[in-house]
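Contents: one structure, followed by commentary.
Here the structure is a predicted model, which is why all the values come from computation and not from measurement.
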Amino acid sequence: RGRVIKGYDFINDDTQPDDDSGHGTHVAGIIMAKNNNTNGSALGISNGKVVAVKALNAQGRGTSYSIAAAVRYCADRTDVRVINMSLGSGVGDSLEYDALRYAIVEKGKLVVTSAGNGGTSVPEFPAGWADPLVNAPGGGPNQIAAGLVAVAAARSNPPYVRLWVDANGNSVQNDSEW
């Protein structure tokens with residue numbers, strides 16, 4: 001309460017960035033929760049504010065243009081230091097990459113993006129560009145890796161389910177990757 005600033009809605013082209021699906025509100029709630037708030041949350045990673053910006057519709061879909069416009073909007077705001085992008089695609093789009101390069105390289109923003117929900121080792125974007133060995137669209141050098149953080153979460157119920165991460169990309173389940 002009192003920690004959300006209205007930004008912009010790039011889907012409906014207005015100043016009412018209402019969350020149609022609840023996902024953005026959920027993510028913002030995790031980021032902004034007060035640490036050990038006696039409401040069951042020990043999380044809370046910020047004491048700042050969140051600027052609400054909408055780039056996806058109620059079904060979680062958007063265009064490269066709406067996503068890039070939202071990134072540039074946040075990059076141009078002096079009160080934004082970190083841009084969170086809880087979204088992904090199997091395609092590394094040049095319009096989105098250029099907006100991220102603008103935010104990271106030219107404006108000095110940190111971008112945190114979800115690694116994806118595909119359950120595979122195939123990179124999703126923009127998170128895939130957190131790897132400096134992944135080229136920019138068109139094959140050029142990756143200029144944004146240093147300012148882009150890919151995050152993921154997994155839950156296991158040991159000893160019933162073991163989680164495996166193919167850390168070296170060889171598709172072999174090595175003991176050190178469990």
Side-chain ([X]) to main-chain ([Y]) donor-acceptor, under 3.5 angstrom:
{"X": "N12", "Y": "D14", "result": "no"}
{"X": "K54", "Y": "D18", "result": "yes"}
{"X": "D19", "Y": "T25", "result": "yes"}

**Request:** May I ask whether V134 and I104 are part of the same hydrophobic cluster, defined by side-chain heavy atoms of I, L, V, M, F, W, Y residues being less than 4.5 angstrom apart, directly or through others?
**Result:**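 In one cluster with V134: I104, yes.
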**Prompt:** Honestly curious: do V151 and V27 fall in one hydrophobic cluster under the side-chain, below-4.5 Å linking rule?
**Reply:**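 Cluster IDs for V151 and V27 differ.
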**Item:** Pairing residues for D98 by the salt bridge (charged side-chain N to carboxylate O under 4.0 Å, His left out) criterion, not counting sequence neighbours
**Value:**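 Salt bridge (charged side-chain N to carboxylate O under 4.0 Å, His left out) check on D98 returns nothing, list empty.
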**Request:** List for me each residue that meets salt bridge (charged side-chain N to carboxylate O under 4.0 Å, His left out) alongside D13, sequence neighbours excluded, and say none if there are none.
**Result:**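 Here no residue qualifies.
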Shortest non-hydrogen contact between [X] and [Y], atoms and distance:
{"X": "I67", "Y": "E96", "answer": "CD1-OE2, 3.7 Å"}
{"X": "T15", "Y": "K6", "answer": "O-CD, 3.8 Å"}
{"X": "G62", "Y": "L56", "answer": "N-CD2, 3.5 Å"}
{"X": "P17", "Y": "G7", "answer": "CG-N, 3.8 Å"}
{"X": "A127", "Y": "S114", "answer": "CB-O, 3.2 Å"}
{"X": "A55", "Y": "A70", "answer": "CB-CB, 3.8 Å"}

Between atom [atom1] of [X] and atom [atom2] of [Y], what is the distance when rounded to the nearest 0.5 Å?
{"X": "D9", "Y": "D20", "atom1": "CG", "atom2": "CG", "result": "7.5 Å"}
{"X": "T113", "Y": "L148", "atom1": "OG1", "atom2": "CG", "result": "6.5 Å"}
{"X": "S64", "Y": "L95", "atom1": "OG", "atom2": "CG", "result": "6.0 Å"}
{"X": "D79", "Y": "K49", "atom1": "CG", "atom2": "NZ", "result": "9.5 Å"}

**side-chain contact (heavy atoms from CB on, under 4.5 Å) partner of P126, the single match among L87, I144, V111** =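 That would be L87.
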**Message:** Does anything in residues 93-113 form a ring pair (Phe, Tyr, Trp, His ring centres under 6.0 Å)? List the pairs, not counting sequence neighbours.
**Reply:**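 Sorted pair list: Y97-W129.
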Qualifying residues under side-chain contact (heavy atoms from CB on, under 4.5 Å), relative to [X], sequence neighbours excluded:
{"X": "R61", "result": "N57, Q59"}
{"X": "A103", "result": "V71, A75, I83, K109"}
{"X": "A28", "result": "V50"}

**Message:** Within the structure provided, determine whether R77 and V53 are in side-chain contact (heavy-atom separation under 4.5 Å).
**Reply:** no
**Prompt:** Can you find a pair of side-chain heavy atoms, one from S66 and one from I11, that are under 4.5 Å apart?
**Reply:** yes
**Asked** Do the rings of Y73 and F10 sit parallel, tilted or perpendicular, given the 30° and 60° boundaries?
**Response** perpendicular
